[in-house]
Engineer: 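Okay, here's the structure, questions in a sec.
Note on naming: letters A, B, ... go to the chains in the order of the sequence lines (proteins, then strands), and numbering restarts at 1 for each one. Note that this is a predicted model, so its numbers are computed, not measured. All heavy atoms count here, side chains included; hydrogens, waters and symmetry mates do not.
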There are 2 protein chains.
Amino acid sequence: MTTRIQKRNRKLILDAALEVFSAQGFRGATLDQIAVEAGLSKPNLLYYFDSKEAIHKALLGELLTTWLDPLKAIDPSGDPRAEIMAYMRRKLQMSREYPRESRLFANEILQGAPRMSAFIATELKALVDGFAALIRRWSAEGRLAPVDPHHLIFSIWALTQHYADFDAQIRLIRDGADPLEGAEAHLEMLFARLLAPAQVTPPVG
Amino acid sequence: MTTRIQKRNRKLILDAALEVFSAQGFRGATLDQIAVEAGLSKPNLLYYFDSKEAIHKALLGELLTTWLDPLKAIDPSGDPRAEIMAYMRRKLQMSREYPRESRLFANEILQGAPRMSAFIATELKALVDGFAALIRRWSAEGRLAPVDPHHLIFSIWALTQHYADFDAQIRLIRDGADPLEGAEAHLEMLFARLLAPAQVTPPVG
DNA sequence: AATGATCTTGACTGAATGGTCAAGTCTGCT
DNA sequence: AGCAGACTTGACCATTCAGTCAAGATCATT
């Protein structure tokens, strides 16, 4: 049974841990930092979680479902281009709403996905395979310009997550302006053109 | 004066450090790991570099010029679309040839660019501003479809670096296949379409 | 071969850090 | 109020890790 206090403190800890792990990576984060951020003592963290590793694991576990949702929401019976655009928009929205989660993920992959390879190789891969099959079907039916499904989804991931993961760089280059300003319009155009039916490109005027 | 031995050992150390830092991040890497990787003793590393920090700094310093070269190579007097495509190709080539450098960079930015903000805010920003001005000029001259210069360059960075930075994920999803297989063709098409003159998109057949 | 400079390292130190524990405080229930 | 279980923490421990040092090995030069 979980008490009221347990619920509150677990949430405090996971939120603090997200803040610290996403900014410093697993090894860079310390329990003391997380404790301060959570407003609890270090031994108290370890009363709720067995170890630093356990906190990190719990965090990733929470994240994974959130991460898969946009992909699951693609409707195979919908309009191909509209569905892909909507997926891209959802992913961009996640960069806006959950940048820390995106960076937590990026940190993990960058370091070879040591704590996530099982998830990627099974659940995520299965979803991506399903997506790839759907794209191929749509293309075969002539409802979508032929496109490599894997590279299509990597493009969506790369372009949307970049705004969260490289936030620091973008801010420095754009004088602190909101990195996502104009991003949606840009990506709308980019994907609209990528997914448009093949056509003869007129020569440059 | 630098001796033969100094030259050799500094190179050994920097190469080992690149391997370790790019895979573990700054805090995750240890001098012992780097020493083993370099085939030298830990005190010996510290004979050649003042500190762990100094090794990392030297590494970044080396990397920075390499990193800017492709951008500097854009020829303002060349054909707009050809120049941008060539830049994208050079960046993709760097993901192929220097994936560790890309990950070192990504690690640094992810953690808020603590050791690189000066470089980004000055040198890199200046080059990007120059690029942006060039893109706007080309568009104003009607030689290039109007496109947000910043988001254009972010798109190039995101799409090319993704293959190095998220290598682990891509391999798991594609059953260990070379992540870059098919990437060039895909990005060629994507950017060709993005940069094509505006035109009426026919309705879906 | 001699010698001074360069290079190398085993053995250490101090600080940081993940984790423990026993002793206390608070909470909810009767 | 009183009690059992839940919660909290100061003090502590063991390990890891960046960095030091003094003594010895190697190298270049004559």
Engineer: May I ask you to decide whether A:E184 forms a salt bridge with A:R96, counting only side-chain N to carboxylate O separations under 4.0 Å?
Structural biologist: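 Result for this pair is yes, salt bridge flagged.
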Engineer: Contact class for B:L46 (heavy atom, under 4.0 Å): base, sugar-phosphate, or nothing?
Structural biologist: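 Since a base atom lies under 4.0 Å of B:L46, the category is base.
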Engineer: For the base of C:dG18, is there a side-chain donor-acceptor partner from A:K42 under 3.5 Å away?
Structural biologist: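 It does, because a donor-acceptor pair links the side chain of A:K42 to the base of C:dG18 below 3.5 Å.
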Engineer: Restricting to side chain to side chain contact (heavy atoms under 4.5 Å, CB included), what partner residues turn up for A:A17, sequence neighbours left out?
Structural biologist: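 For A:A17, the residues satisfying side chain to side chain contact (heavy atoms under 4.5 Å, CB included) (neighbours in sequence not counted) are A:F21, A:I34, A:I55, A:L59.
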Engineer: Just to be sure I understand the rule, does B:A29 reach a base, reach only the sugar-phosphate, or reach nothing, if contact means heavy atoms closer than 4.0 Å?
Structural biologist: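 Sugar-phosphate contact only - B:A29 comes under 4.0 Å of backbone atoms but never of a base.
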Engineer: Please give, in whole Å, the distance from D:dG19 P to B:H56 NE2?
Structural biologist: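 Distance, rounded to whole Å: 13 Å.
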Engineer: Once you round it to whole Å, what is the distance between P of C:dA16 and CD1 of A:I34?
Structural biologist: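 Taking atom P of C:dA16 as the reference, CD1 of A:I34 is at 18 Å.
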Engineer: Take atom CZ of B:R4 and atom P of C:dC7, then tell me their distance rounded to the nearest Å.
Structural biologist: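 Spelled out: CZ on B:R4 to P on C:dC7 is 10 Å.
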Engineer: Between C:dT9, C:dG18, D:dT8, which one does the side chain of B:S41 approach most closely?
Structural biologist: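 Closest of the options to the side chain of B:S41: C:dT9.
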Engineer: Begin from the C-alpha positions of B:Q161 and B:M94 and carry the test side-chain contact (heavy atoms from CB on, under 4.5 Å) through to its verdict.
Structural biologist: CA-CA 8 Å; B:Q161 291 171 16; B:M94 292 192 59; over 6 Å; no
Engineer: Atom CG of A:D50 and atom P of C:dC21: how far apart are they, to the nearest Å?
Structural biologist: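 Between P of C:dC21 and CG of A:D50: 13 Å.
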Engineer: Does a side-chain N or O of B:Y47 approach OP1 or OP2 of C:dC7 to a distance below 4.0 Å, or not?
Structural biologist: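 It does, given that an N or O in the side chain of B:Y47 lies less than 4.0 Å from OP1 or OP2 of C:dC7.
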Engineer: If I take atom CG in residue A:L45 and atom C1' in nucleotide D:dG10, what distance separates them, rounded to the nearest angstrom?
Structural biologist: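 About 15 Å, once rounded to whole Å.
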Engineer: Should the pair B:D15-B:R100 be classified as a salt bridge under the 4.0 Å nitrogen-to-oxygen rule?
Structural biologist: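 Yes.
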Engineer: Both A:Y48 and B:P43 contact DNA chain D. Taking the nearest nucleotide for each, which residue is further toward the 5' end?
Structural biologist: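 First, find each residue's nearest nucleotide; the 5'-ward one identifies A:Y48.
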Engineer: Atom CG in B:N9, atom CZ in B:R4: separation rounded to 0.5 Å?
Structural biologist: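 Going from CG on B:N9 over to CZ on B:R4, the span is 10.5 Å.
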Engineer: Distance check needed: D:dT26 P versus B:Q6 CD, whole Å only.
Structural biologist: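 Taking CD of B:Q6 and P of D:dT26, I get 19 Å after rounding.
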Engineer: Is the phosphate of C:dC7, meaning OP1 or OP2, less than 4.0 Å from a side-chain N or O of B:T3?
Structural biologist: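 Yes, such a contact exists.
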Engineer: To the side chain of B:K52, which of C:dT9, D:dT8, D:dG19 is closest?
Structural biologist: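 Closest nucleotide to the B:K52 side chain: D:dG19.
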Engineer: Considering only side-chain heavy atoms of B:T30, which listed nucleotide, D:dT9, D:dA18, C:dG18, is closest?
Structural biologist: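 It is D:dA18.
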Engineer: Starting at CG of B:D32 and ending at P of D:dG19, how long is that distance when rounded to a whole Å?
Structural biologist: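 After rounding, the gap between these two atoms is 12 Å.
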Engineer: What integer distance in Å separates A:I13:CD1 from D:dC7:P?
Structural biologist: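 The distance from CD1 of A:I13 to P of D:dC7 comes to 11 Å, rounded to the nearest Å.
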Engineer: Does C:dT17 have OP1 or OP2 under 4.0 Å away from a side-chain N or O of B:R27?
Structural biologist: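 Yes, within the criterion.
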Engineer: Is the shortest side-chain N/O distance from B:N9 to OP1 or OP2 of C:dT6 below 4.0 Å?
Structural biologist: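 Negative; the distance criterion is not met.
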